[in-house]
Amino acid sequence: MAQTSGFNDPTAQRLERVTTGADPDIVGPLLADVLHDPRWLACDVALVSGGKSNLTYRVASDAGEVILRRPPLGHILPTAHDMVREYTVLAALGGTTVPVPRALYLGDADGPLGTPFYVMERVLGHICRNALPLGYADTPDQRRAIGDGLVDTLAALHTVDPAAVGLTEFGRPAGFMERQLRRWSKQWEATKIAELPALDALLGDLLRDLPPQREHAIVHGDYRLDNTILHPTQPGCIVAVLDWEMSTLGDPFTDFGALLAFWSEDDDPEVLRDARIVAPVTAAPGFPSRGEVIERYARQTGFDVSDADWYQAFALFKLAVVCQGIAARPAGGATVGSGFDNAQRLVKPLVEAGRYMLVAHSQAA
């Protein structure tokens with residue numbers, strides 16, 4: 001029998017009971033078979049998150065609760081919602097200090113659901129998208145512990161030896177940033193609805209100042225506060241990292257730069273305030289500053305972090321292109337979570353913030 005637990009997602013209090021995509025009459029017998037427990041035959045399935053991103057279902061029975069992940073309904077790109085990739089990295093990291101949900105079962109498209117899917121344990125804790133839960137981490141020390149925990153967890157991921165966990169072939173780390181810049185440049189050309197010289201200038205400056213790739217590591221691809229689960233009663237303890245669909249082997253500073261881009265401080269200059277995509281949770285008293293985040297990450301990994309500003313600028317450029325894509329194709333493309341409702345409005349502020357960070361990088365060089 002699978003030993004499962006639960007998580008409390010404050011953004012998903014109203015769960016939609018469904019049959020489409022994960023019919024209980026199909027899921028129940030499947031789980032009873034693969035988890036070796038007939039109590040799964042009678043189960044309840046609810047949609048936790050949906051849209052154009054991977055679909056997440058909560059499956060409950062007398063045997064416990066698990067999470068089922070599958071691609072969106074309808075036509076999808078074969079590499080955009082790779083269940084095998086997510087399952088592989090979760091299974092590989094299960095024996096490390098990186099906190100991940102336990103991977104329980106991987107199903108293929110020939111199975112009863114008619115699409116690849118996987119099942120993982122359900123982890124107890126808080127997912128904090130727009131605010132910390134009421135009464136949770138009320139003191140500055142507790143909020144600092146959350147910030148430190150986020151940094152330490154990312155550092156733990158980036159110091160895992162891919163070969164030691166069977167992920168040698170999980171990606172192509174050499175030339176990673178060059179490919180990233182080409183990819184997002186092409187994405188910009190494909191989605192722009194008007195010329196934006198400032199974005200073209202930012203891309204040119206990023207290419208000109210591209211730092212040498214110093215490290216190769218397992219990369220999460222979208223690491224930030226709301227893609228983690230915090231311990232229900234111990235602020236600072238990260239009990240799970242979620243949403244591994246973009247994970248690969250590459251430059252770990254892309255994760256770190258993105259974390260810094262989503263990080264907010266109470267005294268941020270206007271150029272960074274205007275580019276905020278998510279609620280400024282980390283601007284609350286007690287959370288470490290970006291400078292302290294950089295220092296702690298360097299200490300935990302031993303990496304040279306002298307180009308952190310460049311990677312933050314790249315993350316802001318990438319977010320600008322993502323926002324442009326959402327604005328240009330409101331009926332298509334992948335959703336990227338909360339905070340992107342005013343995607344078109346965010347493009348120029350993100351570009352300006354990226355240029356601001358590149359200036360900071362050149363001044364520190």
Side-chain angles (χ1 to χ4, degrees), residues 151 154 157-158 171-192 196-224 227 246-264 268 271-272 274-278 290-291 293-294 297-298 301 303-326 334 336-337 339-340 343 346-365:
V151 176
L154 186 62
L157 171 65
H158 290 166
R172 294 180 297 141
F176 181 78
M177 284 312 306
E178 289 86 348
R179 292 195 303 275
Q180 285 285 297
L181 285 164
R182 286 196 300 269
R183 172 189 174 185
W184 291 102
S185 175
K186 291 178 181 178
Q187 183 72 10
W188 163 241
E189 290 298 327
T191 59
K192 66 179 179 182
L196 186 55
L199 191 146
D200 294 328
L202 173 59
L203 173 59
D205 290 342
L206 287 167
L207 288 165
R208 183 195 65 212
D209 297 337
L210 175 64
Q213 184 171 342
R214 295 186 173 92
E215 306 293 341
H216 297 163
I218 302 168
V219 173
H220 178 272
D222 193 19
Y223 186 82
R224 48 186 168 136
N227 277 337
M246 292 187 287
S247 58
T248 187
L249 297 186
D251 189 332
F253 289 110
T254 55
D255 276 346
F256 189 53
L259 180 65
L260 294 172
F262 280 103
W263 206 271
S264 295
D268 273 338
V271 66
L272 295 183
D274 289 346
R276 287 175 178 172
I277 282 183
V278 295
R290 287 189 200 86
V293 166
I294 292 170
Y297 179 81
T301 61
F303 294 168
D304 178 349
V305 295
S306 57
D307 293 312
D309 289 341
W310 186 96
Y311 284 93
Q312 186 177 341
F314 169 74
L316 292 161
F317 161 76
K318 178 178 170 181
L319 288 169
V321 176
V322 168
C323 286
Q324 181 60 62
I326 294 170
V336 288
F340 289 80
L346 284 165
V347 175
K348 288 184 179 180
L350 285 164
V351 170
E352 291 306 313
R355 298 182 74 183
Y356 174 86
M357 293 311 304
L358 273 189
V359 170
H361 177 252
S362 63
Q363 290 176 343

Could you give the side-chain donor-acceptor pairs of residues 311-318 under 3.5 Å, partners two or more places apart or in another chain?
| unit_1 | atom_1 | unit_2 | atom_2 | d |
| --- | --- | --- | --- | --- |
| Tyr311 | OH | Asp251 | OD2 | 2.6 |

Please collect all side-chain hydrogen bond (donor to acceptor under 3.5 Å, both in side chains) contacts where either partner lies in residues 354-365, sequence neighbours excluded, each pair once. Asp307-His361

Output the distance between atom CH2 (Trp263) and atom CG (Leu272), rounded to the nearest 0.5 Å. 14.5 Å

So, Gln213 side chain and Pro173 main chain: donor-acceptor pair closer than 3.5 Å or not? yes

Taking all heavy atoms of Trp188 and all of Asp200, pick out the closest pair and write down the distance. NE1-OD1, 3.0 Å

Trace of the side-chain contact (heavy atoms from CB on, under 4.5 Å) decision for Ile277 with Cys323: CA-CA 10 Å; Ile277 282 183; Cys323 286; 4.3 Å; yes

Hey, what do you get for CG (Leu181) to CG (Leu203), rounding to the nearest 0.5 Å? 6.5 Å

Shortest non-hydrogen contact from Leu350 toward Ala275: CD2-O, 3.5 Å

Does the pair Arg290/Asp309 count as a salt bridge with the N-to-O cut at 4.0 Å? no

Could you give the distance from CD (Gln324) to CD (Glu189), rounded to the nearest 0.5 Å? 11.0 Å

When every non-hydrogen atom of Asp255 is compared with those of Gly221, the smallest separation belongs to OD1-N, 2.9 Å

Which atom pair, heavy atoms only, marks the closest approach of Val305 to Tyr297? CG1-CD2, 3.9 Å

Heavy atoms from other residues, nucleotides or ligands near NZ of Lys192 exceed 12 (cutoff 6.0 Å): yes

Any side-chain heavy-atom pair of Val219 and Leu249 under 4.5 Å: no

I'd like to know if the side chain of Asn227 reaches the main chain of Asp222, judged simply by a donor and an acceptor atom lying under 3.5 Å from each other, with no hydrogens or angles considered. yes

Just by distance, do the side chain of Thr301 and the backbone of Phe303 share a donor-acceptor pair under 3.5 Å? yes

Any chance you could measure Thr248, atom OG1, to Arg172, atom CZ, to the nearest 0.5 Å? 8.5 Å

What I'd like to find out is whether the side chain of Thr254 reaches to under 4.5 Å of the side chain of Phe176, using heavy atoms alone. yes

Check Ala174 against Arg179 and note the closest heavy-atom contact, atom names and distance. O-NH1, 2.6 Å

How far does CD of Glu352 sit from NZ of Lys348, to the nearest 0.5 angstrom? 9.0 Å

Would you mind reporting whether Leu319 and Phe262 have side-chain heavy atoms less than 4.5 Å apart? yes

On a heavy-atom basis, the closest approach of Leu260 and Ala308 is CD1-CB, 4.1 Å

Output for pair (Leu210 CG, Met177 CE), nearest 0.5 Å, gives 6.5 Å

